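Step one of this worksheet: look at the structure below.
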Amino acid sequence: MAEHQLQPIDDVAFFHRAPVVYRFTVDLPVTPDVAWAELTRQNTLDWCRMIKKVTFTSPEPHGVGTTRTAELAPGLVKVNERFFVWEADAEAGTYRNAFAVVSSNVPGLRRFGELTEVVPSGLGSRLTWAFAIEPAGPLAKLPGLSVVSKPALGTFRTDTVKYFAKLA
């Protein structure tokens, strides 16, 4: 399949102004350090049913410029990602990263990115996860794209809560 290049995202403002934004916040029963380690390890998100595989393609330590690939279940969609934000303050327990998809093996996206934030909370940590989508081509004219994408992206929330509950 041909690679489709996406337009870059270079600031977190996109996660507030994209045509489609899905954001959720959940409290996790683990420390911020544990949550961050799970969210940034090799093969992360293996608990999410919509993800088949996530592979970091840059060596550690990870930071701005880090790359990785992701395969969505059942393996038909593959994307290449590049992180443009990577902030880790272990002393404060605050972590944040954001990536943009730079290419995909399927058409239909002009821009796609994710923003992840982990901070301390009363019971462990609070995770905020935002997905921002700017469709392209025929998808850009599809009314209700957010209605379709919201339930699919909602599985990330459900699966993440279940996974971290088992780690507690």
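Fair warning: this is a prediction, and the values are worked out from it, not measured in the lab. No hydrogens, no waters, no symmetry mates; every other heavy atom, side chains included, goes into these values.
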What distance separates [X] [atom1] from [Y] [atom2], expressed to the nearest 0.5 Å?
| X | Y | atom1 | atom2 | value |
| --- | --- | --- | --- | --- |
| Glu38 | Leu127 | CD | CG | 12.0 Å |
| Phe99 | Ile9 | CZ | CD1 | 9.0 Å |
| Thr69 | Glu81 | OG1 | CD | 7.5 Å |
| Glu71 | Lys53 | CD | NZ | 6.5 Å |
| Thr55 | Arg68 | OG1 | CZ | 9.5 Å |
| Leu72 | Lys78 | CG | NZ | 11.0 Å |

Work out which heavy atom in [X] is nearest to a heavy atom in [Y]; give both atom names and the distance.
| X | Y | answer |
| --- | --- | --- |
| Arg110 | Ala136 | N-CB, 3.6 Å |
| Arg111 | Pro8 | NE-O, 3.1 Å |
| Ala90 | Tyr95 | CA-OH, 3.2 Å |
| Thr25 | Thr128 | OG1-OG1, 3.0 Å |
| Pro29 | Ala165 | CG-CA, 4.1 Å |
| Ala92 | Pro120 | O-CG, 3.4 Å |

Consider only side-chain heavy atoms of I, L, V, M, F, W and Y, link residues closer than 4.5 Å, and tell whether [X] and [Y] are in one cluster.
| X | Y | answer |
| --- | --- | --- |
| Leu28 | Trp129 | yes |
| Ile133 | Phe84 | no |
| Val34 | Val161 | yes |
| Phe83 | Phe156 | yes |
| Val64 | Val101 | yes |

Is any side-chain N of the basic residue among Arg96 and Glu87 closer than 4.0 Å to the acidic one's carboxylate O?
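So Arg96 pairs with Glu87 through a salt bridge.
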Would you mind reporting whether [Y] and [X] have side-chain heavy atoms less than 4.5 Å apart?
| X | Y | value |
| --- | --- | --- |
| Asn80 | Glu3 | yes |
| Glu134 | Leu6 | no |
| Asn97 | Trp36 | yes |

Side-chain donor or acceptor of [X] paired with backbone N/O of [Y] under 3.5 Å:
| X | Y | value |
| --- | --- | --- |
| Ser104 | His4 | no |
| Asn105 | Leu76 | yes |
| Thr94 | Val119 | no |
| Arg41 | Asn43 | yes |
| Gln42 | Phe56 | yes |
| Ser125 | Val30 | yes |
| Arg23 | Phe15 | yes |

Would you call the rings of Phe112 and Phe131 parallel, tilted or perpendicular, taking 30° and 60° as the class edges?
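Correct class here is tilted.
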Relative to each other, are the rings of Trp47 and Tyr163 parallel, tilted or perpendicular (30° and 60° limits)?
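Because their plane-to-plane angle is under 30°, the rings of Trp47 and Tyr163 count as parallel.
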Hey, is CG on Leu167 packed in by over 12 heavy atoms from elsewhere, all under 6.0 Å?
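Above 12, so yes.
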Partner of Thr66 by side-chain contact (heavy atoms from CB on, under 4.5 Å), out of Ser58, Pro59, Pro61:
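Single side-chain contact (heavy atoms from CB on, under 4.5 Å) partner of Thr66 among Ser58, Pro59, Pro61: Ser58.
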Intermediate values then yes/no, side-chain contact (heavy atoms from CB on, under 4.5 Å), Thr40 and Trp86
CA-CA 11 Å; Thr40 58; Trp86 195 289; 3.8 Å; yes
